[in-house]
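The structure under discussion appears below in the form of structure tokens.
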2 protein chains.
Amino acid sequence: MTASSRPEHPRLRRSAGDRRAQLVQIGLELLPTTPVQELTIDEVARRAGISRSLLFHYFATKREYYTAVTRAAADVLLEHLLPAPGTPAEQQVTGMLDRYVGWVETFPESHLAFVRGAGGGDPWVSEVYEETRGKLVELALTTLELPDDALRRQLVLAWFAFTEDLVGQWVAEPTLPRTELLGLLRDVLDRLVAR
Amino acid sequence: MTASSRPEHPRLRRSAGDRRAQLVQIGLELLPTTPVQELTIDEVARRAGISRSLLFHYFATKREYYTAVTRAAADVLLEHLLPAPGTPAEQQVTGMLDRYVGWVETFPESHLAFVRGAGGGDPWVSEVYEETRGKLVELALTTLELPDDALRRQLVLAWFAFTEDLVGQWVAEPTLPRTELLGLLRDVLDRLVAR
DNA sequence: GTAGCTTGTTGAGCGTTGCTCAGCAAGCGG
DNA sequence: CCGCTTGCTGAGCAACGCTCAACAAGCTAC
């Protein structure tokens, strides 16, 4: 019995990189159903088929772990939103907006989980969100060919909050044709930054 | 010695109502510095000078406790925002907006803590926020003498998100005279609901 | 092949925290 | 003084984050 105490898991060794990637991947899969900070080491380790201790070998602390997961999630979203190279400048913002709405339509729980943790308690996590939003603001102002002074940055960031909230509600209860929603959002943004 | 065995803690008994109020009050005081879900039973009990067990006598679960704290905080805010009776209809929205900005200016940490927990993980807490926002939407639409169809409700709610975000940033870095901030917010709201 | 090194991996265990439970004791009516 | 209600406590359990000493898989060197 001692020899065959692991019928399925013959104690296979992975490279450090693989293991880390696997653990982050598991976090990403759990993210839509569980608030980042609430996923337990036990659960993640169990899914990975490893002991709790090993997770602490790769991430010194739990916070370090779920910060990595959050950063990975942010990267996935960013990459999805970034316009394909060669897109005419005028279509870039509209395209990003369109893809954003599409993303929320496709993964409503993921969107909730993402927006949810934005300011949620942990400063490390908040920092990741602010970084991501910062990049998006910069991108938006650049493609709109507008200077990014402090006021405009604030307005675009607040417009993000507006957009996230409205799209979130709209997906749950579409009170408007999709096209009009996009038009409205775009219109609000234009009026805000054109001051 | 037995007679004077009450150096600091004469084991005084409080009425159920008093204790509950005291515990919620302690939660409110801790709220600005600690995310609601993270305040520990130990800490609260210690501040109240009671044992952990007693807290569970009044609140069956930790969640029940901090939900009560959240609700109390929401009530404080609501009461602060509600217009004094007899205010002319036209000034009500402006007055609420003004008081809201004032509140954020006075208690920036409290505001952060409040907005922070809005969607933050716990559905019980989120419900309190949605209730509060719902009341404010109803109030706003009523005083603006507009019908509150689904679309308009969504727009006003999204405008709240916009306002909370922008005011939060503005307090940290005032990029605009206060009056103009209020005007801008009011203007955005008017344009949004006048469709 | 086997000795030895690196390093992925584990189990036992500690401190904290949410929560339970049996029972003590403060205040009051008889 | 008795007994009842009920505010209140301490001991203790389970779950969780985290530590640490040690095991073992896979490689290289002889």
Side-chain angles (χ1 to χ4, degrees), chain A residues 1-27 30 34-70 121-125, chain B residues 1-27 30 34-70 121-125:
Chain A
M1 204 53 190
T2 325
S4 66
S5 65
R6 294 203 163 239
E8 300 289 348
H9 299 283
R11 181 75 122 73
L12 75 165
R13 257 167 103 118
R14 292 210 190 193
S15 78
D18 279 4
R19 202 43 108 190
R20 249 191 96 98
Q22 180 204 19
L23 292 174
V24 170
Q25 181 56 36
I26 290 176
L30 255 37
T34 318
V36 186
Q37 329 190 13
E38 285 180 23
L39 38 83
T40 74
I41 300 291
D42 260 352
E43 174 73 5
V44 177
R46 206 176 47 72
R47 296 212 175 206
I50 60 172
S51 66
R52 264 155 288 143
S53 316
L54 188 55
L55 202 147
F56 286 104
H57 181 68
Y58 291 103
F59 303 92
T61 193
K62 185 194 178 182
R63 176 151 64 186
E64 196 173 295
Y65 171 65
Y66 66 61
T67 301
V69 173
T70 302
D122 201 304
W124 290 52
V125 174
Chain B
M1 203 53 188
T2 324
S4 65
S5 69
R6 4 174 98 195
E8 297 292 342
H9 298 281
R11 184 72 122 73
L12 75 165
R13 262 168 100 121
R14 290 210 191 192
S15 77
D18 278 4
R19 258 282 117 80
R20 252 192 94 99
Q22 181 205 17
L23 293 174
V24 170
Q25 181 58 34
I26 289 176
L30 255 37
T34 319
V36 187
Q37 328 189 15
E38 284 179 25
L39 40 82
T40 75
I41 299 292
D42 260 354
E43 173 75 5
V44 177
R46 207 174 47 72
R47 294 210 176 207
I50 61 173
S51 65
R52 264 156 287 143
S53 318
L54 188 56
L55 202 148
F56 287 103
H57 180 69
Y58 292 103
F59 303 91
T61 192
K62 186 194 178 181
R63 175 150 67 186
E64 196 172 295
Y65 171 65
Y66 67 59
T67 302
V69 172
T70 303
D122 202 305
W124 289 51
V125 174

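Only this structure's heavy atoms are used, side chains among them; waters, hydrogens and symmetry mates stay out. Labels below follow one simple rule: chain letters A, B, ... track the order of the sequence lines, proteins then strands, and each chain is numbered from 1. These figures come from a predicted structure and were not determined experimentally.
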Write down the distance between CZ (B:Phe56) and P (D:dG7), rounded to a whole number of angstrom.
18 Å
Side chain of B:Ile41 (C-beta onward), nearest among C:dG18, D:dC18, C:dT9:
C:dG18
Between CZ of B:Arg46 and P of D:dT9 the distance, given in whole Å, is 15 Å
Report yes if a side-chain nitrogen or oxygen of B:Arg52 is closer than 4.0 Å to either non-bridging phosphate oxygen (OP1 or OP2) of D:dC8; otherwise report no.
no
To the nearest angstrom, the CD-C1' distance between A:Gln22 and C:dT9 comes to 13 Å
Under 4.0 Å, counting only non-hydrogen atoms across every strand here, what does A:Leu54 touch: a base, just sugar-phosphate, or nothing?
base
Just wondering, are more than 12 heavy atoms of other shown residues or ligands nearer than 6.0 Å to CZ in A:Arg52?
no
Spacing between A:Leu55 atom CG and D:dT19 atom P, to the nearest angstrom:
12 Å
Do the side-chain N or O atoms of A:His57 get closer than 4.0 angstrom to the phosphate oxygens (OP1, OP2) of C:dT9?
no
Any side-chain heavy atom of B:Glu43 within less than 4.5 Å of one from B:Ile26?
no
When you check the phosphate oxygens OP1 and OP2 of D:dC8, does a side-chain N or O of B:Tyr58 lie under 4.0 Å from one of them?
yes
Rounded off to whole Å, could you give me the OH-to-P distance for the A:Tyr65 and D:dC18 pair?
13 Å
Over all strands shown, is A:Phe59 touching base, sugar-phosphate only, or nothing at heavy-atom distances under 4.0 angstrom?
nothing
What integer distance in Å separates A:Arg13:CZ from C:dT10:P?
11 Å
Quick check: do B:Arg20 and B:Phe59 have side-chain heavy atoms less than 4.5 Å from each other?
yes
Let me know the distance between CZ of B:Arg19 and C1' of D:dT6, rounded to the nearest Å.
13 Å
Side-chain heavy-atom pair B:Val36, B:Tyr65 within 4.5 angstrom cut-off:
no
Could you pull out the closest heavy-atom pair between A:Gln37 and A:Lys62, with the gap in Å?
O-NZ, 2.7 Å
Touch check for A:Ser51, heavy atoms < 4.0 angstrom, all strands: base, sugar-phosphate only, or nothing?
base
If you compare every side-chain N and O of B:Thr61 against the phosphate oxygens of C:dC19 (OP1, OP2), does one of them come in below 4.0 Å?
yes
Does OP1 or OP2 of D:dT19 have a side-chain N or O of A:Ser53 closer than 4.0 Å?
no
Once you round it to whole Å, what is the distance between P of D:dG17 and CG of A:Asp122?
14 Å
